[in-house]
Amino acid sequence: MDRVIEPLATGLGDSIGWMADHGVLFGLFAILWVAFGAALILSQGSVDQAWATINGLPVIVRLIVWVLFLPVMAGLWIWETSWPLIVRVVAVVGIAGWNLLVFLPRAAQTTTP
């Protein structure tokens, strides 16, 4: 069994590291956060509908979506709470900023003197 799991995990881990180093994950999450913000501004109902759709998925699929897109799902959950508007805005913007900062490619993080 170890001969099956280890190559699969190593290959998957290497591909995720490559995507993080080359900005693919940064681009993906930037697109997701821009779409989230646009949906909040242009159509509040679409955010509510996305939350209802995700909650309507089977538990296993919902778990996979939460794991793969955890920062965006946390932002969506926060937005759907009954917290005051300013608290929700600050929390969602904070999570989005942290998420994009974490996935910022290494080339963009280095400064030249």
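Both backbone and side-chain heavy atoms feed into the values below; hydrogens, waters and symmetry mates do not.
In this structure, L63 is not a member of the same hydrophobic cluster as V61, with clusters built from ILVMFWY side-chain heavy atoms closer than 4.5 Å. At a threshold of 4.5 Å between side-chain heavy atoms, the hydrophobic network of Ile, Leu, Val, Met, Phe, Trp and Tyr places I78 and I86 in one connected group. At a threshold of 4.5 Å between side-chain heavy atoms, the hydrophobic network of Ile, Leu, Val, Met, Phe, Trp and Tyr places I31 and I54 in two separate groups. Residues F103 and L70 share a hydrophobic cluster, clusters being chains of Ile/Leu/Val/Met/Phe/Trp/Tyr side chains in contact below 4.5 Å. A single hydrophobic cluster is not seen to contain both V47 and V34; linkage of ILVMFWY side chains at heavy-atom distances under 4.5 Å, directly or through other members, places them apart.
Side-chain contact check for W33 versus I95: some heavy-atom pair is nearer than 4.5 Å. Side-chain atoms of M73 and V67, non-hydrogen and from C-beta on, never get closer than 4.5 Å to each other. Contact check for W77 versus W66: side-chain heavy atoms found under the 4.5 Å cut-off. Residues L32 and F36 are not in side-chain contact: their nearest non-hydrogen atoms beyond the backbone lie 4.5 Å or more apart. Counting only heavy atoms from C-beta outward, the side chains of W79 and Q44 approach each other to under 4.5 Å.
Heavy-atom minimum distance, R62 versus L57: NH2-O, 3.1 Å. Closest heavy-atom contact between F29 and L68: CZ-O, 3.8 Å. The minimum heavy-atom distance between D21 and P105, with the atom names listed, is O-CB, 3.9 Å.
Remark: side-chain polar atoms of S43 are not paired, donor with acceptor, to backbone N or O of A39 under 3.5 angstrom.
Heavy-atom neighbours of L42 CG from other residues, nucleotides or ligands within 6.0 Å: above the threshold of 12.
Remark: R88 is not positioned above the aromatic ring of W83, lacking an NZ or CZ atom under 6.0 angstrom from the ring centre and at most 45 degrees off the axis.
L25 contributes atom CG, which lies 11.0 Å from atom CG of L100 (distance to the nearest 0.5 angstrom).
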